[in-house]
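For the numbers below, each heavy atom of this structure counts, side chains included, while hydrogens, waters and symmetry mates do not.
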Amino acid sequence: MRVLIAIDGSEPATIAMRTAARLLNPEDRHLDLLCVMPKWNRKDETLRRTRYEERILRETTRILERAKAMMCADAVDIRRITDAGSPAAIIAVTTGDYDLTVIVVAHALGPVLIS
């Protein structure tokens, strides 16, 4: 089973990732961990943009490495994916390639089932 897990380094996303791994069949866990970086949203092309992009890439890499280390015993294979842009848009476009997508819906006041 191919599973996409969207992570952002938060505790709720980490809990969702670990829960999904526990619920899936141990012999068939092929996990892709996706972390979406926010794009530089200013029009200028200055040195600040380069520093921002380097910093956000380091942070995204750190999040993915930490998540992979947590999941090593729980998956057949784990891939790390980084993209830049709107997390909702990127996840929505990417889900068609997977059997299951794991996301966290923040700020919901009650249980949420997304089908």
Legend entry - Heavy-atom pair with the smallest gap, counting every atom of Met1 and Asp99: CA-OD2, 3.4 Å

Inset, instruction - Working to the nearest 0.5 Å, report the span between CD1 of Ile81 and CD1 of Ile90. - result: 11.0 Å

Inset, instruction - Identify the residue among Asp8, Ile5, Thr95, Ile91 that makes a side-chain contact (heavy atoms from CB on, under 4.5 Å) with Ile103. - result: Ile91

Inset, instruction - Considering non-hydrogen atoms only, spot the tightest contact between Gly9 and Ile63 and give its length. - result: N-CG2, 3.6 Å

Inset, instruction - Identify the heavy atoms of Thr101 and Tyr98 that sit nearest to each other, and give their distance. - result: OG1-CB, 4.3 Å

Legend entry - Pairwise distance OG1(Thr61) to CG(Leu57) - rounded to 0.5 angstrom: 4.0 Å

Inset, instruction - Identify the heavy atoms of Ile7 and Ala67 that sit nearest to each other, and give their distance. - result: CD1-CB, 3.4 Å

Inset, instruction - Quick one: pull up CG in Leu33 and CG in Leu64 and give me the separation to the nearest 0.5 Å. - result: 6.5 Å

Legend entry - Shared hydrophobic cluster for Met17 and Leu24 (ILVMFWY, side-chain gaps under 4.5 Å): yes

Legend entry - Salt bridge present between Glu54 and Arg51 (N-O < 4.0 angstrom): no

Inset, instruction - Drop me the distance from Leu100's CG to His30's NE2, to the nearest 0.5 angstrom. - result: 13.5 Å

Legend entry - pair Arg79-Leu31: side-chain heavy atoms closer than 4.5 Å: no

Inset, instruction - Of all the heavy-atom pairs spanning Ser86 and Val36, show the shortest one and how long it is. - result: C-CG1, 4.2 Å

Legend entry - Note: Asp32-Arg2 ion pair, threshold 4.0 Å (strictly below): yes

Legend entry - Val102 versus Ala20, closest heavy-atom pair with distance: CG2-CB, 3.7 Å

Inset, instruction - Measure the spacing between CE of Met71 and CZ of Arg66 and express it to the nearest 0.5 Å. - result: 13.0 Å

Inset, instruction - Hey, could you give me each pair passing ring-ring contact (aromatic ring centres under 6.0 Å, His included) that has a residue in residues 31-59? Not counting sequence neighbours. - result: Trp40-Tyr52

Legend entry - Carboxylate-amine/guanidinium proximity below 4.0 Å for Glu53 and Arg49: yes

Inset, instruction - For Arg58 and Arg62, run side-chain contact (heavy atoms from CB on, under 4.5 Å): C-alpha distance rounded to whole Å, both residues' side-chain angles, the deciding distance at 0.1 Å, then the answer. - result: CA-CA 6 Å; Arg58 280 193 309 272; Arg62 185 188 65 76; over 6 Å; no

